[in-house]
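Bear in mind that the values here come from a model prediction, so they are computed numbers and not experimental data. Hydrogens, waters and symmetry mates are skipped; everything else that's a heavy atom, side chains included, is used.
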Amino acid sequence: MSKIDEKITFVVFTFNEEPRIKSVIKNVSKYGKVLIIDNFSTDETVKIASSLGAKVVLHKNTGYGGDLGSFNKVIEHVDTPYIFIGSASEYIPQQILEECKVIADGFKNSSYRALACARLEITGGKWIQRKKPRKYSLKKRPRLLLLKHLNLDEHRIHHEWTSNCPAKDIKVLDYGPQTSIHHLRNQDVATSEIKHCIYGTNEAEQKFKRGRRINLLLIFLRTFLEFFRSYILKKDFLSGRIGIINSLMRAQMYMNIGLKIWEKQHKITLEEVTYRNKEYQDKIHNKFDNI
């Protein structure tokens, strides 16, 4: 492994990624080290990753990869100046990896200190043609950055990290197949619903703690607006039926988040529902016992 390869650690959060962890590691292994933060997988994820030379750290997360505890493990175990924050559901084109290599080599070849790029959403083997993201949005969360520039102060789900790197020092790649990360989404409805439920529960918890309150009308409006934003403003309509499915599922996720916040406002918990049902059951039994 060359000297420059020791300057980047590719970070991936995993849980039961046996079918794709091999391709994920092989995708980046020539460009640096690989650190797997694994949520105690029950399949062969850890064994395969270790056999391919990746460092594996076990961490029980709070319901989703990339929680604050997972990032603390990253800080604890990374020994390179740079990190690249990736995912087991992503493919990184070679052009992006070469750009990372140039930046990691230092000021001799590049004046940039971080790299930001967009992500192509691939569903069912088809690119969902969404609106081109704005550069300033991408600069908020560069994929390649110095570990010392990793900022977790505003950590929350879907916004896990930001960067303390000056904006002028962040290179933003153009939006396209060779300069964007390919996100190979799980579009199977059952799988997506499970993931959205986990994300939604955690996001609702975070938002409720931050003071977010909601009513049923706002839930309805937010659900409709998310579909409109995804299908029209972000141009999911360009992708035909897959675009409709994607927009509907995004709207459903936001509806679930709103409903979970509403439940917390009204103290509707599983324990409370179980207790009330038990009260009802006892009442009915007593009524019929007295007849």
Side-chain angles (χ1 to χ4, degrees), residues 11-15 35 37-39 57 59-78 83-90 114-119 121 130 133-165 167 170 181 183 185-186 192-215 218-219 221-223 225-227 229-230 233-234 246 249-265 269:
V11 178
V12 184
F13 306 106
T14 60
F15 176 69
L35 173 63
I37 308 295
D38 185 79
N39 186 29
V57 174
H59 167 68
K60 186 64 179 175
N61 63 43
T62 56
Y64 63 98
D67 67 346
L68 196 55
S70 297
F71 271 102
N72 286 334
K73 289 294 181 182
V74 170
I75 295 171
E76 182 181 346
H77 289 277
V78 166
I83 59 171
F84 188 102
I85 302 170
S87 167
S89 62
E90 294 176 342
L115 182 72
C117 56
R119 193 164 77 164
E121 299 294 337
R130 313 201 83 194
R134 297 176 181 176
K135 285 189 175 183
Y136 81 86
S137 296
L138 295 175
K139 283 189 175 186
K140 289 180 181 178
R141 281 177 292 280
R143 286 305 191 100
L144 175 79
L145 68 161
L146 286 162
L147 180 62
K148 67 180 182 180
H149 285 159
L150 179 67
N151 181 16
L152 303 174
D153 290 345
E154 299 180 11
H155 179 281
R156 63 189 192 279
I157 195 166
H158 291 140
H159 300 274
E160 284 85 359
W161 77 95
T162 55
S163 170
N164 292 324
C165 183
I170 303 174
I181 292 170
H183 182 210
R185 300 176 68 246
N186 289 327
S192 295
E193 283 186 342
I194 291 170
K195 289 187 175 182
H196 287 173
C197 183
I198 294 171
Y199 286 144
T201 299
N202 281 279
E203 190 163 347
E205 182 74 31
Q206 291 175 357
K207 289 182 175 179
F208 185 79
K209 286 181 178 179
R210 292 168 186 255
R212 177 71 63 85
R213 299 296 182 267
I214 202 166
N215 58 48
L218 285 176
I219 293 172
L221 290 175
R222 183 69 180 87
T223 302
L225 288 174
E226 180 56 32
F227 178 83
R229 186 174 80 94
S230 187
L233 299 184
K234 287 188 172 290
N246 185 65
M249 297 201 73
R250 286 189 61 83
Q252 181 193 40
M253 183 176 71
Y254 279 90
M255 179 184 70
N256 289 342
I257 292 170
L259 289 172
K260 290 177 188 300
I261 293 173
W262 188 87
E263 281 185 339
K264 295 191 73 64
Q265 285 175 223
T269 64

Got a second to check how far [X]'s [atom1] is from [Y]'s [atom2], nearest 0.5 Å?
X: Lys60; Y: Asp38; atom1: NZ; atom2: CG; value: 10.0 Å
X: Ile170; Y: Leu115; atom1: CD1; atom2: CG; value: 9.5 Å
X: Arg212; Y: Leu218; atom1: CZ; atom2: CG; value: 9.5 Å
X: Cys165; Y: Leu144; atom1: SG; atom2: CG; value: 9.5 Å
X: Ile157; Y: Ile257; atom1: CD1; atom2: CD1; value: 7.5 Å
X: Lys148; Y: Ile83; atom1: NZ; atom2: CD1; value: 13.0 Å

Are [X] and [Y] close enough that some pair of their side-chain heavy atoms sits under 4.5 Å apart?
X: Arg119; Y: Glu121; value: yes
X: Cys117; Y: Ile181; value: yes
X: Val74; Y: Ile85; value: no
X: Tyr136; Y: Leu138; value: no
X: Ile75; Y: Leu150; value: yes
X: Phe208; Y: Arg213; value: yes
X: Ile214; Y: Gln265; value: yes

Problem - Under 3.5 Å side-chain donor-acceptor pair for His183 and Ser89 - result: yes
Problem - Under 3.5 Å: donor-acceptor pair, side chain of His77, backbone of Asn72 - result: no
Handout entry: Trp161 side chain to Pro142 backbone, donor-acceptor under 3.5 Å
Key = yes
[X] to [Y] - nearest heavy-atom pair and separation:
X: Trp262; Y: Asn215; answer: CD1-CA, 4.3 Å
X: Asp67; Y: Thr62; answer: OD2-N, 2.9 Å
X: Thr223; Y: Ile219; answer: OG1-O, 2.8 Å
X: Lys139; Y: Ala167; answer: NZ-O, 3.0 Å
X: Gly66; Y: Glu160; answer: O-CG, 3.2 Å
X: Ser70; Y: Asn61; answer: OG-CB, 3.9 Å

Hey, are [X] and [Y] close enough for a salt bridge, meaning a charged N less than 4.0 Å from a carboxylate O?
X: Lys264; Y: Glu205; result: yes
X: Glu90; Y: Arg143; result: yes
X: Lys260; Y: Glu203; result: no
X: Arg229; Y: Glu226; result: yes

Problem - side chain to side chain donor-acceptor pair (under 3.5 Å) partners of Asn202, counting only residues at least two apart - result: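 None.
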Handout entry: Partners meeting side chain to side chain donor-acceptor pair (under 3.5 Å) with Tyr64 (sequence neighbours left out)
Key = Gln206
Handout entry: side-chain contact (heavy atoms from CB on, under 4.5 Å) between Leu68 and Leu152, worked out
Key = CA-CA 8 Å; Leu68 196 55; Leu152 303 174; 3.9 Å; yes
Practice task
Please lay out, stage by stage, how Leu145 and Ser163 fare under the test side-chain contact (heavy atoms from CB on, under 4.5 Å).
Solution key: CA-CA 8 Å; Leu145 68 161; Ser163 170; 4.0 Å; yes
Fill in the blank from the handout: Per side-chain contact (heavy atoms from CB on, under 4.5 Å), Ser137 is matched among Lys135, Arg134, Arg141 by Arg134
Exercise for the section: Decide side-chain contact (heavy atoms from CB on, under 4.5 Å) for Ile261 and Lys207; before the verdict, give the C-alpha distance in whole Å, the side-chain angles of both, and the deciding distance to 0.1 Å. Expected result: CA-CA 8 Å; Ile261 293 173; Lys207 289 182 175 179; 4.0 Å; yes
Practice task
Cation-pi check, Arg222 to Phe227: give yes when NZ or CZ is under 6.0 Å from the six-membered ring centre and within 45° of the ring axis, no otherwise.
Solution key: no
Exercise for the section: Give a yes or no on this: more than 12 heavy atoms of other residues, nucleotides or ligands lie within 6.0 Å of atom CD of Glu154. Expected result: no
Exercise for the section: Report the C-alpha distance between Gln252 and Glu193 in whole Å, list the side-chain angles of each, state the deciding distance to 0.1 Å, and finish with yes or no for side-chain contact (heavy atoms from CB on, under 4.5 Å). Expected result: CA-CA 9 Å; Gln252 181 193 40; Glu193 283 186 342; 3.3 Å; yes
